[in-house]
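Residue numbers start from 1 in every chain, and the chains themselves are labelled A, B, ... in the order their sequence lines are given, proteins ahead of strands.
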Amino acid sequence: MNQPQITPELVASHGLKPDEYERILKLIGRVPSFTELGIFSAMWNEHCSYKSSRIHLRGLPTKAPWVIQGPGENAGVIDIGDGQAVVFKMESHNHPSYIEPYQGATTGVGGILRDVFTMGARPIACLNALSFGAPEHPKTRHLVSGVVAGVGGYGNSFGVPTVGGQVRFHTRYDGNILVNAMAVGLADTDKIFYAAASGVNMPIVYLGSKTGRDGIHGASMASAEFDDDSAEKRPTVQVGDPFAEKLLLEACLEIMEADCVIAIQDMGAAGLTCSAVEMGAKGDLGVDLDLDAVPTRETGMSAYEMMLSESQERMLMVLKPEKEKQAEAIFRKWGLDFAVVGYTTPSKRFVVKHGGDVMADLPIKELGDEAPLYDRPHVATPLLPVVHARDVQPPIGIMPALEKLIATPELCSKRWVWEQYDHVILGNTVQRPGGDAAVVRVQDGPKGLALTVDVTPRYCEADPYQGGMQAVAEAWRNITAVGGRPLAITDNLNFGNPERPEIMGQFVGCLKGISEACRTLDFPVVSGNVSLYNETNGRGILPTPSIGGVGLLDDFTKSATLAFKAADEAILLIGD
Amino acid sequence: MKSAVLVFPGINRERDMARALKLASGHEAQMVWHAETSLPKGTDLVVVPGGFSYGDYLRCGAIAARSPVMDAVRAFAADGGLVLGVCNGFQILCESGLLPGVLMRNAQLKFVCRDVHLRVERSDTPFTRGYNAGQIIRVPVAHGEGNYEADEETLKRIEGEGRVLYRYCSADGVVDENSNFNGAAQSIAGLVNERGNVLGMMPHPENHVEDIMGCTDGRGLFAGLVAHLERAA
Amino acid sequence: MKARVTVTLKTGILDPQGKAIEGALKSLGVDGVASVRQGKVFDIELSGSDKAKAEAALKEAADKLLANTVIENYRVEVLG
Amino acid sequence: MKARVTVTLKTGILDPQGKAIEGALKSLGVDGVASVRQGKVFDIELSGSDKAKAEAALKEAADKLLANTVIENYRVEVLG
Ligand SMILES: Nc1ncnc2c1ncn2[C@@H]1O[C@H](COP(=O)(O)OP(=O)(O)O)[C@@H](O)[C@H]1O
């Protein structure tokens, strides 16, 4: 096999900085192979390693008596009583959606649904938070129709109701739209599945669709800024297949029910690499992969390509050896690929073989643990002078102002969006989109879940700390307003280039505000996602930390709606 | 009422349907996998539920219509057995030749999920006896391809034989362009075969059977089927 | 062997998608478009090398599945 | 003038539709089908009689609307 020479240019094209490459040399004591370089680039990019954000995320409160699993797994898990757990997470698919809005959005929804059902939960609802450029920007219309159709196209076909979200327009998103998708699932507390492998010599199984050359470099793309010619560097676009995912869901839940699974991990960004390393490292085990066994869609795929492919609708699983036949039969019944692609080992090394050659042999724990960690310089956002209402002259009367406001794309009805989403499927949608929070019945009741996504980026830009707090508080209020008891949140932190101190300052400020609000309200963060480098030609997006909140209603029939119920009733204003 | 709910890969409203059938009849519906070659003994009603069988790739319902179980359904229908197809189920019944015509993309080319009103055209059929003729009911739709089309001659026959059971209308029963949200020929939302024992419809009565959804207008369809089968028994 | 099956709507059958595309092209200012009808193509790889056999198999495929012959016509080309 | 624009997926791009159809043809017992990829055709009627102009208009139409050039290729044929 002809492998490219490792040159500084090649290293740079993998998004690795010279000092990061030095770190690799020191860690393995030799020049990495091409495949190894690819593996490092996948593990150490912003998207997988959280190298710019990790130290700040540590400040978030993540614990409460009802939290079963906080951040660090595929999704967060909270206890809602009666042996039931809610599994949820939000994730961004911003850059891919800008390049190909329909497919970018579908694969975003697909990815977050997989995160939830990998943990043993059946998805019961989806939400989405979308930020687009100014309505009059020439690309906006195309992006909006593609993204909305994509979010709907995937969820509708997969069969989960999309019950809420946000849509906003602002010129600062002209070159960087945001597509944040949240999925919520229901599981039994004693049947939650995790990523950590256990036991030596256990079969590692590949499940789902075949591997193609999709999205190679996708994970690195998610961590790079755009410039004017990024449209030219078109990566191989990932295409979503909700039909395959629906089969994967049913097959996964069936093998979990049959008690075949030791550990399971979704193949998300940088698919096989991240999933295999994570399963081994979390279980304190090594992993031997034999790529000859990986089902591929195209011929002649190299080890490098297989390790970095982002083909969708795939999973990696460690199986109870005695259950292999049974698990395989279940997967065949659903028409999905199933292949033993490796084994766990005691060596704590990540070994990848292809065509009889060892293409990579790396220390598995260090791949994750030794990833660079940055405390990037940050400056606090200068606060604006306080403006008092009495100092402002109203430019127009109250009625014209109101009319103008409700006609804005930002505040007008979002019916045109959510009518493209099946929000009634499963027959549990007690409160449909249009209210403060959606309410979804839990199985046959009487419990219900209140679900919402909130953030006001203008506030976050004016005062990151207050803006972060406000986003959490709004999620809390929306849940409370429908009668729910707020339990926990997932966050999706969308910001510009963290290498700029002002942007890093926004990030740090918002996180402080979020932490403070969560701590005060006893509203912990159980999962989340960070999306940085949302910037084009040096102009960043508005700081947009989307907050997805989940609350519980003991009796869904007691949920409150916002419509006035009768004439002549008193209207109360509470709060200050 | 013993009902069999067909499950094709990609079908996703089978649970909603099973719940509605259980509520109406008190009996659990039997789920029947697409690869089966026969229906459970004593089946009174076959339901082809909604979803995206085979991803709705190629044409909606096309691949499912050619599944082994559909031969059994054809034989069941030929014997006079009751068959109900909803949404994707309607599409599958058309593709399998059990119903005439085809469901094309919605006129606005978008997936639409909202409550719509239907006018029940007659009440003397197993599928409508739970309603009064002319009654207006509210049920949700959720589809991208529900625009019913057939050639002139077929449409004339369907109308002449009174085979349209449900038509899109406004809240006060007006059937016109405005209430025909997906562009269907003659505002057809649901129709039966010549013999009257196979119904296909796009809207989802199974999602309006419980108070929690804010409306229970879908119940009549299921209650009518139960009543019909009880009387026949 | 490579082959292509082209499926088109029969005349007289309403084509909402084609009509919408027609409208969109007009509003994009593309000149001279009088009408648009949308169809499908299937590019099929076949094993074997018997052209006549391949054609028969494709006809079968089109009749059984690829086309809904109530509303669609099809054409089979074996490209060799 | 009549013209046809054929839009096909670029190689390497996943084609879920083709995959499902392939599976269905196999289970229907159609012999020898190794792979299927699905594409679209647009049959377009054009006013005017200038072939070169028509071709240019169709290219524009394909770029702007008929094809998603991020993942699809297209071919324009003016049939006269
Ligand atoms: N992308 C979306 N998907 C689904 N529902 C949405 C979306 N955007 C907005 N909605 C719904 O529309 C309603 C109004 O949204 P929004 O204007 O953001 O409300 P608010 O500011 O009161 O939270 C909410 O119920 C919300 O869930």
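- Applying the 6.0 Å contact sphere to NZ of D/Lys53 captures no more than 12 heavy atoms from other residues, nucleotides or ligands.
- Within the 4.5 angstrom heavy-atom criterion, atoms from both the backbone and the side chain of D/Leu14 approach chain A.
- Residues D/Val70 and A/Ile99 approach most closely at CG2-O, 3.8 Å, considering heavy atoms.
- Few gaps surround CZ on A/Arg332; more than 12 heavy atoms of other groups in view lie less than 6.0 Å from it.
- Taking chain D as the reference chain and counting heavy-atom pairs below 4.5 Å, the highest number among A/Glu313, A/Glu298, A/Arg213, A/Gln103 is found for A/Glu298.
- Surrounding NZ of D/Lys2 are at most 12 heavy atoms belonging to other residues, nucleotides or ligands under 6.0 Å away.
- The backbone N or O of D/Gly12 lies less than 3.5 Å from a partner atom in the side chain of A/Arg297, making a donor-acceptor pair.
- Sparse packing is recorded around CG of D/Asp31, with 12 or fewer heavy atoms of other residues, nucleotides or ligands lying under 6.0 Å away.
- D/Lys19 NZ to A/Phe243 CZ: the interatomic distance, rounded to the nearest 0.5 Å, is 8.5 Å.
- Summarising the geometry, atom CD1 belonging to D/Ile71 is positioned 12.0 Å from atom CD belonging to A/Gln238; distances are rounded to the nearest 0.5 Å.
- Considering every non-hydrogen atom in both D/Pro16 and A/Gly240, the closest pair reads CG-O, 3.9 Å.
- D/Lys59 NZ: 12 or fewer foreign heavy atoms inside a 6.0 Å radius.
- Interface remark: of the candidates D/Asp15, D/Asn68, D/Thr11, D/Asn68 forms the most heavy-atom pairs closer than 4.5 Å to chain A.
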